[in-house]
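Contents: one structure, followed by commentary.
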Amino acid sequence: MVVDAVKMSGITKSFPGVIANHKVDFSLRESEVHGLLGENGAGKTTLMNVLYGLYNPDEGEIEINGKPVKIGSSNAAISFGIGMVHQHFQFVPRFTVLENFLLGASSPREPLLEDKNQVSSRIKNLSEKYQLPVDPNRLMWQLSVGEQQRIEILRALYRGAQTLILDEPTSVLTPQEVIQLTSIINALISVGKSVIFISHKLDEVMMMTHRVTVMRDGKVINTLNTKDTDRYELARMMVGTDIKKIPPREKNKPSNKPVLGVNALHVEDDRGLSAVNNVTLNVKPGEILGIAGVDGNGQVELEESIIGLRPSISGSISLNGKDITKASVRHRRQTLAYIPSDRYLRGIIRNFTVSENLMLGKHLKEPYSSHGFLRLKEINGHSTELVNEYQIRTPNISTKGGKLSGGNAQRLILARELSSKPEVIVACQPTRGLDVGAIEFVHGKLLEQRNSGVGVLLISADLDEVIKLSDRIAIIYQGRIMSALITSETKKETLGLLMAGVSEGK
Amino acid sequence: MGLIEKSRENPIARNVLIILITSLSLPITGIIILLLGVNPIQAFASLLEGAFGTMRAISETARLATPLLLIGLGLVIAYRCQIWNIGAEGQYIAGGLGAIWIGLEWGGYIPSAVIIPVMLIMGVVCGALWALLPGLLKARLGLSEIVVSLMMNFVALFGLAYIVRIPLKNPEYYLPQTAQLDLSARLPNLFGSRIHIGFLIAIACVFLVQFILWKTAFGYELRAVGSNASAAEGAGIKVERSIVSVMLISGAFAGLAGAIQIMGVYYFAAQGFASGYGYTAVLIAILGQLNPFGVLFAAFLFAALVIGADFMHRAVGLEQALVHFIQATIVMFFLIGSAIMRKKD
Amino acid sequence: MPWDLLLREAFIVSLFAAAIRLAMPVLLATLGEIITELSGVSNLGLEGIMTIGAFAGFAIAFVTGNTWWGLLASAITGCVMGLLMSYLSISLKIDQFLAGLVLVLLGSSLGNFLYRQIFGLSGSPPRIDPLPAMPIPYLSDIPYIGEIFFSQSMFVYLILPIALILWFTINHTTWGLKLRASGEVPSALQSAGTNVSLIRYEAVILGSALVGLGGGFLTTGQLGLYIEGVIAGRGWVALALVIFSRWNPGLAIIGAVIFGTADSIQFRLQAFGSEIIPYEIFLMLPYIITILALLTAGQRLSQPTSLGQSFSKEER
């Protein structure tokens with residue numbers, strides 16, 4: 001019997017409030033490319049972090065080449081031949097390629113660094129062996145992201161990796177670079193290495209893997225030979241086929257004048273790469289437009305450019321027909337409510353009291369202040385009202401925002417944003433990390449606003465949520481809108497396919 | 001230690017422990033005193049007596065506390081916005097120079113009731129202007145306000161040396177210093193004591209800063225930017241404007257302190273005018289926990305130590321410089337205590 | 001204004017010889033702070049460390065009668081201050097800006113206090129013999145260059161090798177690589193298996209030793225005495241020079257020599273009582289240049305990426 005290169009049995013790992021992995025079995029054969037497929041929060045990265053020694057599992061065992069091992073740190077994982085290329089690279093941009101290789105490697109002539117020529121030639125040998133062209137003397141920050149990734153792979157190989165874990169490797173690559181990556185992976189397995197390929201993209205998984213394991217909600221749904229399955233089956237496994245009852249919604253007379261319009265918008269991310277690519281969409285009053293997509297496909301940049309926190313390269317944004325592309329955040333927020341995707345970064349000030357948080361953004365207006373002076377009695381009165389109306393659980397209105405639970409913090413944000421009678425709401429990942437009660441509350445409020453004529457742009461990685469709430473759905477993938485469909489006429493697995501990059505009719 | 005963990009949660013226990021750790025500066029200083037052959041108890045007692053024993057001592061303390069308090073209050077505003085203005089020394093000098101220039105030009109030609117407010121305003125304006133460059137460079141270009149404001153201190157310092165040596169030099173004296181202010185351009189004293197009205201201005205500013213911080217929309221915005229600039233930005237607050245504003249205001253306070261010192265204490269300017277108040281005030285602002293009343297307490301504490309040092313020197317023969325060491329250890333242990341008791345979140 | 005005096009060779013030669021001499025204390029401090037900042041820690045306490053180092057150097061040299069023991073004492077004093085700074089800013093994670101300012105006051109006050117308390121104040125302060133000039137045979141006879149570069153004290157000759165050793169350590173040893181990684185992306189260094197806090201402790205202590213040595217050299221090796229305010233802002237100049245030299249030891253030498261030249265010019269202008277060219281301009285020069293350097297290059301381009309930020313081992 002051929003022994004598995006890696007075998008994980010019964011792995012359970014939980015964090016406060018969530019079970020990230022539940023009795024997961026996973027095995028990897030020699031010379032195999034094994035895809036690990038699932039949506040956000042499915043548990044794939046957690047499982048691999050366990051394998052790479054970053055987390056200790058609560059239960060379960062790991063065997064490498066048949067021998068049971070305990071992996072207590074990433075150094076231990078490396079010693080067992082496991083290498084990982086993270087989504088966020090771990091190198092020093094200002095160093096040369098060579099210097100990054102030297103980091104972490106021990107030198108035979110301590111305290112001096114190893115002879116640069118020797119290291120250089122070792123790197124070149126590896127580079128030829130695996131067809132990863134690399135110039136050891138270039139500075140890391142000058143390289144393209146694809147080249148940087150190749151170097152991260154080489155670094156893992158340099159330290160003796162037999163099993164290589166690639167976490168969402170293609171999310172940062174151009175199509176050409178994806179092809180290059182494919183040949184690199186082929187070169188690796190042809191010499192007996194094994195690759196675990198974490199992804200949410202169906203096409204790539206179908207193309208590059210021998211076997212695929214689908215995870216959902218912390219559990220393994222199934223492990224199949226890739227050639228025995230197809231995209232549709234995988235999509236079904238990824239998102240599930242249960243259809244939750246869509247709550248009855250009032251018939252709204254849709255006016256044709258959009259309250260929020262985005263036209264041919266191009267936005268770059270912090271690295272200067274295209275994140276939002278020619279996006280056009282509009283939200284009408286009294287409707288919820290849901291934009292579903294896995295994290296990292298441009299949602300944050302889209303969110304930031306609509307609010308005014310990130311400049312756009314080209315295209316326009318309009319509110320009620322008026323162009324606001326260059327308008328300040330303050331100007332947009334007069335009529336636009338914002339529920340940020342990162343609650344504690346953009347939404348709440350931890351050091352401020354509940355009361356102070358409730359007036360953030362409205363502190364210049366009546367009744368909170370007049371002529372620049374704060375009116376404490378009115379502020380306290382209003383805060384108390386809002387706390388009651390939105391059932392924010394807090395000892396009192398002077399409690400610091402950082403002490404509130406996630407659900408209550410979100411209620412606070414909703415209370416603040418919705419009570420100012422906005423015309424548009426931009427709600428991003430509004431129920432991330434919340435308990436069931438808080439989720440229901442948030443959904444109820446968003447529907448309530450929609451029913452009273454407010455236009456809502458909902459950006460979420462939770463497909464169930466998007467289906468439940470939206471009148472129309474669009475899918476965002478790699479910065480592009482894949483399509484905008486009427487919810488009631490769409491099947492969940494179609495959406496799953498779109499989120500994973502497979503467009504209709506392909 | 002379990003005790004420390006538990007105390008973190010209870011605000012009263014937290015503060016008690018911080019005070020206890022802060023007071024470790026006493027035994028540490030005591031050991032050094034002992035090693036030098038002096039009885040520490042006697043030394044500290046003489047310090048206390050020198051600071052509070054006579055009415056004159058108390059009024060001297062009030063005089064010394066005035067500039068420290070004013071500068072510290074201005075720093076509170078900047079630090080609460082996370083703008084680490086270290087240029088108060090230069091802003092103080094700029095304010096003092098501005099005031100004395102006006103005073104020497106027009107002193108005696110314009111009635112007191114006019115020239116004094118004008119000089120004070122000039123101090124405020126010059127101090128604020130000296131803080132403008134670091135503020136702008138930080139807001140627009142993200143350059144460190146610590147480095148730029150620090151560099152400006154030295155430009156001001158040497159500028160002062162030049163101005164008192166040549167343009168404003170008093171021709172009757174050999175040493176480089178300006179002429180004395182006309183009597184009408186000096187700050188009047190209170191009820192025949194040695195305390196000038198600048199002291200009252202400083203006390204009033206304590207309430208002013210408290211008011212600004214907590215009762216105005218401007219104060220709300222600067223606190224928001226200091227606590228979480230991203231959230232402030234997302235809510236529409238103009239962060240750049242806050243940055244420049246708080247630099248200007250803290251410069252204004254330091255400049256006012258400089259003007260008041262010239263007009264109420266020295267009556268002329270010379271190189272020694274810059275005596276490190278700008279740096280001491282940073283420590284006072286921190287010790288006061290960025291709270292105007294805390295700064296009031298800390299400023300008086302530091303001033304009392306300095307005033308008491310003269311008597312201590314006469315009584316037990318310890319050099320006055322020791323109190324600066326005491327000041328430094330107080331702040332150091334305070335920082336240590338605060339760090340240990342910081343909640344882990 | 002005796003312009004003709006200025007243009008005489010002897011004057012120019014002595015100007016530059018003095019410039020080299022004046023540059024040394026600041027250079028040591030700058031080199032030390034470069035090491036500290038490369039690791040990611042910004043130590044504002046230089047003025048205080050130089051002061052206490054100056055005192056310790058003088059006191060020990062006075063007591064033992066040997067200048068070199070004094071210099072050693074100043075370096076050790078610097079180490080102790082560095083240990084304190086490390087504890088405050090790395091272990092306790094106190095804001096580096098605050099910890100540094102505390103150190104300034106601590107060092108200055110302790111140095112001045114101990115000097116006055118032990119040596120008292122008098123019209124003629126106690127003196128020790130500074131390091132004598134040691135002209136190098138043959139080389140010091142070269143016209144102009146000989147007097148400027150090769151007629152200095154022994155310690156000055158040592159400084160160039162020190163700078164070279166530092167440059168080599170930073171760029172060609174494992175420790176140096178880890179040092180730079182610690183200041184750039186400490187999480188990458190942590191992932192590679194190194195204890196970031198330990199490297200930073202080492203860097204701060206080593207750096208502070210050099211800073212203390214800089215102060216000690218000023219009093220013990222050059223002036224032969226200690227007075228209050230002897231450091232006269234050189235600690236702050238060093239902070240400016242670190243930025244000006246883009247954290248590069250070689251450029252630090254150039255920056256320090258520029259400072260020394262400006263200092264030397266300023267002394268002589270003072271002596272001539274010049275009114276047309278205020279000597280204060282030369283005193284301001286290092287600081288103005290630093291602001292300009294920041295503006296043109298932009299601090300971000302050369303400063304260690306993680307400078308000033310505390311690092312905690314992340315656990316999820």
Side-chain angles (χ1 to χ4, degrees), chain A residues 13-16 18 20 45-46 48-50 52-57 72-79 83-86 88-117 119 139-141 148 151-152 155-156 158-159, chain C residues 34-35 37-40 95 164-200 202-203 206 243 246-248 297-309 311-316:
Chain A
K13 175 70 185 170
S14 49
F15 298 105
V18 61
T45 306
T46 305
M48 290 299 107
N49 282 334
V50 167
Y52 195 56
L54 294 170
Y55 293 159
N56 274 326
S73 69
S74 40
N75 276 342
I78 293 174
S79 72
M84 185 163 178
V85 176
H86 303 263
H88 303 291
F89 302 150
Q90 290 287 316
F91 59 76
V92 179
R94 282 226 187 108
F95 282 3
T96 61
V97 171
L98 189 78
E99 288 173 318
N100 274 295
F101 268 84
L102 291 172
L103 207 57
S106 50
S107 157
R109 44 175 215 181
E110 289 286 332
L112 290 176
L113 287 174
E114 202 174 337
D115 177 34
K116 292 204 171 151
N117 291 324
V119 179
L139 296 170
M140 285 297 279
W141 64 267
Q148 289 173 346
I151 287 168
E152 289 289 271
R155 270 215 299 171
Y158 186 84
R159 289 190 282 191
Chain C
I34 286 179
I35 305 252
E37 294 204 358
L38 281 177
S39 81
D95 193 294
L164 266 170
I165 293 177
L166 282 176
W167 174 85
F168 186 79
T169 306
I170 293 172
N171 289 305
H172 287 99
T173 66
T174 309
W175 187 84
L177 187 72
K178 292 183 183 172
L179 175 77
R180 287 183 289 132
S182 161
E184 291 290 330
V185 188
S187 59
L189 183 61
Q190 190 81 37
S191 306
T194 305
N195 184 336
V196 171
S197 298
L198 185 59
I199 286 266
R200 287 184 171 182
E202 290 167 358
L206 174 60
I243 299 174
R246 305 223 199 303
W247 290 267
N248 178 321
Q299 213 173 342
R300 300 242 177 90
L301 276 170
S302 20
Q303 123 178 349
T305 311
S306 298
L307 184 63
Q309 300 165 18
F311 174 72
S312 355
K313 264 195 286 222
E314 276 179 10
E315 277 176 20
R316 293 196 283 164

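Each chain gets a letter, A, B and so on, in the order its sequence line appears, and its residues count up from 1.
Counting heavy-atom pairs under 4.5 Å between each of A:Val92, A:Leu102, A:Asn100 and chain C puts A:Val92 at the top.
Interface remark: A:Phe95 contributes side-chain atoms only to the contact with chain C (heavy atom separation under 4.5 Å). Interface remark: C:Pro186 contributes no atoms to any contact with chain A (heavy atom separation under 4.5 Å). Using a 4.5 Å cut-off between heavy atoms, C:Thr169 does not touch chain A at all. Both the backbone and the side chain of C:Thr174 come within contact range of chain A, with heavy atoms under 4.5 Å apart.
Of all the heavy atoms in C:Leu177 and A:Leu103, the pair that sits closest is CD2-N, 3.8 Å.
Atoms CZ and OG1, from A:Arg94 and C:Thr305 in turn, are 4.0 Å apart once rounded to the nearest 0.5 Å. One distance of note links CD of A:Gln90 with CG of C:Leu189; it measures 10.5 Å at 0.5 Å rounding.
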